[in-house]
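The structure appears right after this line, and notes come after that.
Numbering starts at 1 and runs along the sequence shown. In each ligand, atom 1 is the first atom listed, and ligand 1 is the first ligand listed.
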Amino acid sequence: MNRNAKRLVVAALLVWLGTFRVHPATAQIERDSLTQTPPMGWNSWNKFACHVSEDLIQSVADAIATNGMKEAGYQYVVIDDCWQVSRDENGFILADPQRFPSGIKALADYVHSRGLKFGIYSDAGSKTCAGRPGSQGHEYQDALQYARWGVDYLKYDWCSSGTRNAEEAYTTMNNALLATGRPIVFSMCEWGTAKPWLWGKGIGNLWRTTGDISDKWSSKKKWPDGSCCEYGVVDIIDLEVGLETFAGPGHWNDPDMLEVGNGGMSDIEYRSHFSLWAILAAPLIAGNDLRNMRPEIHDILTNKEVIAVDQDPLGRQGERVAKNGDLEVWAKQLKDGTRAVILLNRTESEQEITANWEDLGYPKALSAAVRDLWEHKDLGKMTSKFSARVAPHAVVMVTVKP
Ligand code: GLA
């Protein structure tokens, strides 16, 4: 086929797509129904950065399907940056032929055959953050290609976006995704710069609220050019305060992917990280090597009682309800009226922390059953408050059920 003939085929395909597509409003309702609770899955970036390949993705999908992660709710297997290298003469995006010799469609089929869903990454600018081709000016063509490949989830980054308006850029890609008629969860990775929580509902299913997480308890390190920041766990939770009301079924604040198991924090800190993400109703996107996990890390990522807090159908994001210096109480209302509660000790020594019923929105005199979600133990009925001694950088996480 000569060049003009190829162009004609592409144009005809795009027209066909425009004519027979599902109505965008219907497509959006169908797509948003997939994220009535925060999405759960795995993403390659935090551990593997640009070292992605079809072998890696297949073996991680195998691990999730067989190590209890799938049963615990992890579903999306997402390749982050660096799978793409260039565009063909018609502008279609091309995967790295060395690292993905079977092609992206075959990889998506493989992930689907393991009972999981498949995700991919692009960027609203001309280049991705790792310098690969971005989607700017190719939005509809990329969306069409993703749909043909069987993509179920798109993480859409914000590097090289120049003077683009974020709401316009994310709306354009969302419209392109909806026009394909395939439900593709849309993960907006705009780092919170243009406050996407104010306009993201109805565009994306989740939006990053901060710069990139780092595998640290506390960090707030600037990038070499002086712009801000690389964040530790406690830096990120501070930035979630005040955003609670913007999250709900179908649209979630995203405090970034999990670092649990990547080696930079203690197991106690990883437990706190996971608990806090659950109380925030955050997307639970694991970011470690799931093929080689210590049992302690596996137990954190698959704690069903903590996951149930994250996935509670009311879809309420929890909030910090008390703060006494570096001793904090966080609480999340669950659908049956129960509160999930975290006592968080940010200090370097063991401390007693108290959650008062009144801070949870309960009357003082209420008698409620307290259950420890990490010890998997009922602690009995209590009135007015619950107190516990909490180790440095640790949490005690309970449910308080009237
Ligand atoms: C940005 C994003 C990260 C990751 C990298 C990939 O920094 O915020 O989550 O996707 O780009 O280059």
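Of the protein's heavy atoms, Asp81 OD2, 2.8 Å lies nearest to atom 12 (O) of ligand 1. Here the heavy atom of the protein found nearest to atom 9 (O) of ligand 1 is Lys155 NZ, 2.7 Å. Looking from atom 11 (O) of ligand 1 to the surrounding protein, the closest heavy atom is Asp157 OD2, 2.8 Å. From the protein, the heavy atom lying nearest to atom 5 (C) of ligand 1 is Trp45 CE2, 3.6 Å.
Closest to atom 6 (C) of ligand 1 by heavy atom, among Asp80, Asn46, Thr210, is Asp80. When Asp254, Asp212, Ile285, Asp256 are checked for heavy-atom proximity to atom 7 (O) of ligand 1, Asp212 turns out nearest.
Between Lys105 and Asp109, at least one side-chain nitrogen of the basic residue sits less than 4.0 Å from a carboxylate oxygen of the acidic one, meeting the salt-bridge criterion. Taking 4.0 Å as the cut-off between side-chain N and carboxylate O, Arg371 and Glu305 count as a salt-bridged pair. Ion pairing between a basic and an acidic side chain is recognised when a charged N comes within 4.0 Å of a carboxylate O; Glu190 and Arg208 show no such pairing. Taking 4.0 Å as the cut-off between side-chain N and carboxylate O, Asp238 and Arg346 count as a salt-bridged pair. In this structure, Glu139 pairs ionically with Arg164, as a charged nitrogen and a carboxylate oxygen lie closer than 4.0 Å. Taking a cutoff of 4.0 Å between a charged side-chain nitrogen and a carboxylate oxygen, Lys220 and Asp235 do not qualify as a salt bridge.
Of all the atoms in ligand 1, the ones that sit under 4.0 Å from a non-hydrogen atom of Cys189 are 2 (C), 8 (O). Interface atoms of ligand 1 facing Tyr121, defined by a heavy-atom separation under 4.0 Å, are 6 (C), 10 (O), 11 (O), 12 (O). Interface atoms of ligand 1 facing Arg208, defined by a heavy-atom separation under 4.0 Å, are 8 (O), 9 (O).
Here the shortest heavy-atom pairing between Pro283 and Leu206 reads CG-CD1, 3.7 Å.
In this structure, NZ on Lys332 lies 7.0 Å from CG on Leu314, to the nearest 0.5 angstrom.
Contact between Trp158 and ligand 1 is absent, with no heavy atom of the residue lying under 4.0 Å from the ligand.
When non-hydrogen atoms are compared, ligand 1 lies under 4.0 Å from neither the backbone nor the side chain of Thr128. No part of Cys159 comes within 4.0 Å of ligand 1, judged by heavy-atom distances.
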